[in-house]
Amino acid sequence: MADRLKLELATPTRLVVSEAADEVVVPGVPGYFGVLPGHAPLLAQVGVGEVMYRQGREEHYLAVAGGFAEVGPDRVTILAETAERPEEIDLARARAAQERAEGRLGGRAGGDEIDLTRALQSLARARARQQVATRRGGQRLTPRDG
């Protein structure tokens, strides 16, 4: 059994990450799932949220939305519709997107019929992007964190 995972995360336009990792956590459609070396093979739909991968005691985060994840005993491959590193996210733009989505959901969209699913997805994407943007650089775990 491998002692590390090979993580590859790509979008239709670029390879975002190709790294060795000790652990990967992915936002699946029904909820987040964690992967450690030796994991059983699976194919899962990726939702909106944060991908976290750990290298030693350092955690790295990426904002993702949509796609698929393929997991094997020594590999995690994520094909995402969109993916961004923390340093690529414009925090002001993400906040503005959240405000627009909340406005649509709050009925302040000028009385127009809204697509509830689309508005909820926009809100989730904006929140995930803001969360990841506040995590600039790798974060070290403290002994309290685990």
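For residues 60-76, the salt bridge (Lys or Arg N to Asp or Glu O under 4.0 Å) pairs, not counting sequence neighbours, are Glu8-Arg75.
Remark: the Lys6 side chain and the Ser18 side chain contain an N/O donor-acceptor pair separated by less than 3.5 Å.
The shortest distance between side-chain heavy atoms of Val132 and Pro86 falls below 4.5 Å.
Evaluation of the salt bridge (charged side-chain N to carboxylate O under 4.0 Å, His left out) rule for Arg4 yields Asp22 as partners, not counting sequence neighbours. Partners of Thr117 according to the side chain to side chain donor-acceptor pair (under 3.5 Å) rule, which considers only residues two or more places apart in sequence or in another chain, do not exist here. Residues meeting the side chain to side chain contact (heavy atoms under 4.5 Å, CB included) test with Glu84, sequence neighbours left out: Glu88, Ile89, Arg129. By the salt bridge (charged side-chain N to carboxylate O under 4.0 Å, His left out) test, Glu81 pairs with no residue at all, sequence neighbours left out. Listed by chain and residue number, Glu23 satisfy the side chain to side chain contact (heavy atoms under 4.5 Å, CB included) test with Leu36 (two or more places apart in sequence, or in another chain). With sequence neighbours left out, Gln131 forms a side chain to side chain donor-acceptor pair (under 3.5 Å) with no residue at all. The side chain to side chain contact (heavy atoms under 4.5 Å, CB included) check on Thr82 picks up Ala65, with sequence neighbours excluded. Looking at residues two or more places apart in sequence or on another chain, you find a side chain to side chain contact (heavy atoms under 4.5 Å, CB included) between Arg127 and Gln98, Glu102, Leu123.
Counting side-chain heavy-atom gaps under 4.5 Å among Ile, Leu, Val, Met, Phe, Trp and Tyr, Leu43 is found in no cluster with other residues. The other members of the hydrophobic cluster of Val71, by chain and number, are Leu5, Leu7, Leu9, Val16, Val17, Val24, Val26, Phe33, Val35, Leu42, Val46, Val51, Tyr53, Leu62, Val64, Val76, Ile78 (side-chain heavy atoms under 4.5 Å, ILVMFWY only). Other cluster members for Val48: none, since no ILVMFWY side-chain heavy atom sits under 4.5 Å from it.
The line from CZ of Arg54 to CD of Glu59 is 7.5 Å long, rounded to the nearest 0.5 Å. Rounded to the nearest 0.5 angstrom, His60 NE2 and Glu50 CD are separated by 14.0 Å.
Closest heavy-atom contact between Ala119 and Ala101: O-CB, 3.8 Å. Residue Ala63 comes nearest to Ala128 through the heavy atom pair CB-O, 4.3 Å, listed as atom of the first residue, atom of the second, then distance. Closest of all the heavy-atom pairs between Phe68 and Gln45 is CD2-CA, 4.1 Å.
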